[in-house]
Amino acid sequence: MPQSINNLFKTKNFFRFSFKRYSVLLFPVLIFILFKTYWPESNYFKVSEVGNSREILPGLALPEIDRKYLWDVEHHASILRVYGFEQIKSALLSNQEEDFKDIFSSDFLAYIPQNDRQLYSNLTYAQVSKSNDEISSMEKVNKDDFTSWFISKYNTFTRAPGIKIKLVDLSPKNRDNYDEEWKCRIKLRIWGLAENQKPLELFFKIDLELDRPTEESIEKGAWVHSFAIKSLNISQSNEFLMKNVSFESGIDIESLHDNWDFGPNRTIVNTGGVYIFDFNRDGILDMLINDFNHYQGYILYRGLAGGKFRDVTLKMGLPPLSSPSLVAIADLNDDGWEDLIIGPGLIFQNKQGSQFENVSSLSNLSGLADLHKTQRFSSIAIADYDKDGLVDLYIYRSSPKPSGGSWIEGKMEENYEAQLLRNTGNWKFEDVTNRANADGEKRSIFSSVWLDADNNGWPDLYLIHEFGNGVLLVNTGNGSFKKRLIVKTPSDFGSMGLTSGDIDNDGLIDLYVASMYSSAGARVIGNLPDDAYPKDVMVELQRMVAGSQLYRNTGNFTFSPNGEEFDLTEVGWAYGPAMVDLNNDGWLDIYATAGFVSRTRSEPDG
């Protein structure tokens, strides 16, 4: 084991559980390794109590007693997941009240909602109710009554539903005595078909008090002392919102790379993307897919009536390319027909929907942006920032490798900075990044979006950041930008995806930022002593593991983080979210992708 890891968590039981079950710990472990490795020791000295003396620790290394405590909690967390959660699942699946009661102690008490429909919404395609999560409004019940209530919820399903239990928080009530009661919070999701054969989902947030989670205490039973249902969401619909129609629509998904079909050594993090536009202006949307595994590198599908698609890549004059990772669609010459940018800056002019012609030799784009070198880490956001009638390109880049930048200083390595390229006509561009004050200040930018943040008619630009705070580039209207942080606290750490839209129909554009989330990381950071690090460092650590965020635009370039309020934070390591009105009710919905690298279809991440 590397010495840096060994210094963090010293225990002979490190490999007791499988690596797969422990993969969720990689994120918090990496956090501490990065702190210990990259933070200059002269920046900070930690004072630690050692007996009656005080130990001075350089850098951000935690005292041994704190490192051991964090490891001990996570060790018990794994035992709880492997043995305790499986016992709860088995009791539910058996559908026998006695099996469930065997888990509860003789002094067991529970708190359940008095009314399952305290908040109710009819979303045209679904009905959702949510209970109040205030203990004062909940009913206190004993073991028998709680078991009957809980089993009755489970029995609303016609056959064995899916069950997933996620551990959110865990700690001993008394940090100095593990043998006393422990407390934890879980999220329980149960989904399947109701008695009417229509989709049903129950989503619980539950606080538990339990014996110290050991294999022995769980196996003997009676290890749970209390259940407090903090909230219960009940979602029902007449049918599933979506279904897979790829094959019948003519989309060849078998030719696309699927990580589930390969082992860990052939996992590709970014396999490609999907781009929607109407290249022939027939009123039916067309689609371009670029893919790591496809023999042509990408496919252009023409949309047909009835939701069908036809591959017209070669017919439209588009040549095969070797794994083009960069795609952008924009009307670059202002003729009303959308053109293509593919791979290392190749430009294909749309000839009025009948053909695409390679005009790359007329353009300086590839060399100006060095796309032969950086296309794999580059993406393009498109807007006419100076309102001269020609769309401009903002080329933003993510770090080629996390170790190349600094998670502590919040900067990525050299030579991958963002660029603002002004369209000067005739397929030519001018780099105005410095003149326009539009650089990303060495941010590792997985995504960016143009939006009119203040409704003044000039497009602004929001950049998220893998290593720290995102930034809003406010368009001054004179060809330059002013940089503003959208909140006063740390934001966007570990951000991968971004989308925008007016989520509350108040006339102001809001932002949804999809970020890395680790429940284990959140527990580790949550179990740090309050004074483990300086307050500003602690706030940054908490943001690192907080997950995705919805920023509501409240005007005057101020934004309110509301992700926790709307249960949007703990989505998973997310890329490519979207705001779209899925049920045509006039309100934007959020499609939030989830997961980082799933190994099997049966156990997806997120």
Side-chain angles (χ1 to χ4, degrees), residues 80-81 84-86 88-89 91-93 95 100 110-123 125-135 137-139 146 149-170 184-196 198-208 224 227-242 512 514 517 519 522 546-550 562-572 574 577 582-583 589-595 603-606:
L80 181 59
R81 284 196 301 268
F85 289 177
E86 289 304 315
I88 294 173
K89 286 183 184 179
L92 278 170
L93 291 170
N95 204 18
F100 217 75
Y111 297 87
I112 61 175
Q114 294 185 26
N115 184 353
D116 292 342
R117 297 164 61 92
Q118 290 168 331
L119 295 174
Y120 178 79
S121 297
N122 190 329
L123 305 177
Y125 68 94
Q127 299 78 46
V128 179
S129 62
K130 183 175 181 179
S131 68
N132 193 313
D133 60 0
E134 296 294 330
I135 287 289
S137 65
M138 302 180 82
E139 181 182 356
F146 175 75
W149 178 85
F150 207 68
I151 291 294
S152 71
K153 297 298 179 190
Y154 180 83
N155 283 337
T156 54
F157 297 94
T158 53
R159 56 178 180 266
I163 301 173
K164 185 172 183 178
I165 305 176
K166 190 170 188 177
L167 181 60
V168 179
D169 296 318
L170 176 70
C184 78
R185 171 166 288 192
I186 64 172
K187 291 185 176 181
L188 170 62
R189 178 174 172 249
I190 307 175
W191 70 96
L193 295 178
E195 293 177 354
N196 57 8
K198 294 181 179 180
L200 170 67
E201 177 176 304
L202 308 180
F203 181 70
F204 299 83
K205 288 183 182 178
I206 307 171
D207 284 349
L208 291 83
V224 177
F227 254 65
I229 309 295
K230 300 297 291 182
S231 67
L232 167 59
N233 289 10
I234 303 175
S235 304
Q236 297 174 285
S237 63
N238 293 324
E239 58 186 356
F240 289 103
L241 180 61
M242 296 182 181
Y512 175 76
Y517 173 73
S519 56
S548 302
Q549 187 60 271
L550 172 66
N562 292 111
E564 187 73 30
E565 178 183 352
F566 295 111
D567 285 329
L568 294 171
T569 56
E570 300 169 15
V571 173
L582 292 171
N583 60 330
D589 309 301
I590 295 178
Y591 177 74
T593 53
E603 296 185 37
D605 293 344

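The analysis underlying the following values was restricted to heavy atoms, covering all of them including side chains, and did not include hydrogens, waters or symmetry mates.
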- Evaluate the criterion side chain to side chain contact (heavy atoms under 4.5 Å, CB included) for residue pair Cys184 and Leu80; output intermediate values, then yes/no. CA-CA 10 Å; Cys184 78; Leu80 181 59; 4.3 Å; yes
Where is the tightest heavy-atom contact between [X] and [Y], given as atom of each residue plus distance?
| X | Y | value |
| --- | --- | --- |
| Phe157 | Gly192 | CE2-N, 3.4 Å |
| Leu167 | Ser519 | O-CB, 3.6 Å |
| Ala160 | Tyr154 | CA-OH, 4.1 Å |
| Ser548 | Ala514 | OG-CA, 3.3 Å |
| Lys230 | Met138 | N-CE, 4.4 Å |

Considering only heavy atoms from C-beta outward, does the side chain of [X] approach that of [Y] to under 4.5 Å?
| X | Y | answer |
| --- | --- | --- |
| Ile234 | Ser129 | yes |
| Ile163 | Trp191 | no |
| Lys187 | Val168 | yes |
| Leu92 | Phe100 | yes |
| Ile229 | Trp149 | yes |
| Ile206 | Leu188 | yes |
| Phe85 | Ile186 | yes |

Looking at residues at least two apart in the chain, or sitting in another chain, which of them share a side-chain hydrogen bond (donor to acceptor under 3.5 Å, both in side chains) with [X]?
| X | value |
| --- | --- |
| Asn233 | none |
| Asn583 | Thr124, Asp585 |
| Asp589 | none |
| Asn155 | Asn95 |

- With sequence neighbours excluded, tell me which residues meet side-chain contact (heavy atoms from CB on, under 4.5 Å) with Asn238. Lys198
Distance from [X] atom [atom1] to [Y] atom [atom2], nearest 0.5 Å?
| X | Y | atom1 | atom2 | answer |
| --- | --- | --- | --- | --- |
| Ile165 | Ile88 | CD1 | CD1 | 4.5 Å |
| Leu582 | Ile590 | CG | CD1 | 10.5 Å |
| Glu564 | Leu550 | CD | CG | 12.0 Å |

- Can you name the salt bridge (Lys or Arg N to Asp or Glu O under 4.0 Å) partners of Lys89, sequence neighbours left out? Glu86
- Residues forming a salt bridge (Lys or Arg N to Asp or Glu O under 4.0 Å) with Asp207, sequence neighbours excluded: Arg185
- Item | Check: Gln549 side chain, Gly563 main-chain N or O, donor-acceptor pair, under 3.5 Å | yes
- Excluding sequence neighbours, so at least two apart, what forms ring pair (Phe, Tyr, Trp, His ring centres under 6.0 Å) with Phe204? Phe150
- Message: Among residues at least two apart in sequence or on other chains, which ones pass ring pair (Phe, Tyr, Trp, His ring centres under 6.0 Å) with Phe227?
- Response: Phe104, Phe146
- Task: Report, as yes or no, whether the 6.0 Å neighbourhood of atom OH on Tyr591 holds more than 12 heavy atoms from other residues, nucleotides or ligands.
- Result: no
- Query: Do NZ/NE/NH1/NH2 and the carboxylate oxygens of Glu570 and Lys166 come within less than 4.0 Å?
  - Reply: no
- For a side chain to side chain contact (heavy atoms under 4.5 Å, CB included) with Glu195, tell me which candidate from Thr158, Thr156, Leu200 qualifies. Thr158
- Query: Yes or no on side chain to side chain contact (heavy atoms under 4.5 Å, CB included) for Tyr512 and Leu568, after CA distance, side-chain angles and deciding distance?
  - Reply: CA-CA 9 Å; Tyr512 175 76; Leu568 294 171; 4.0 Å; yes
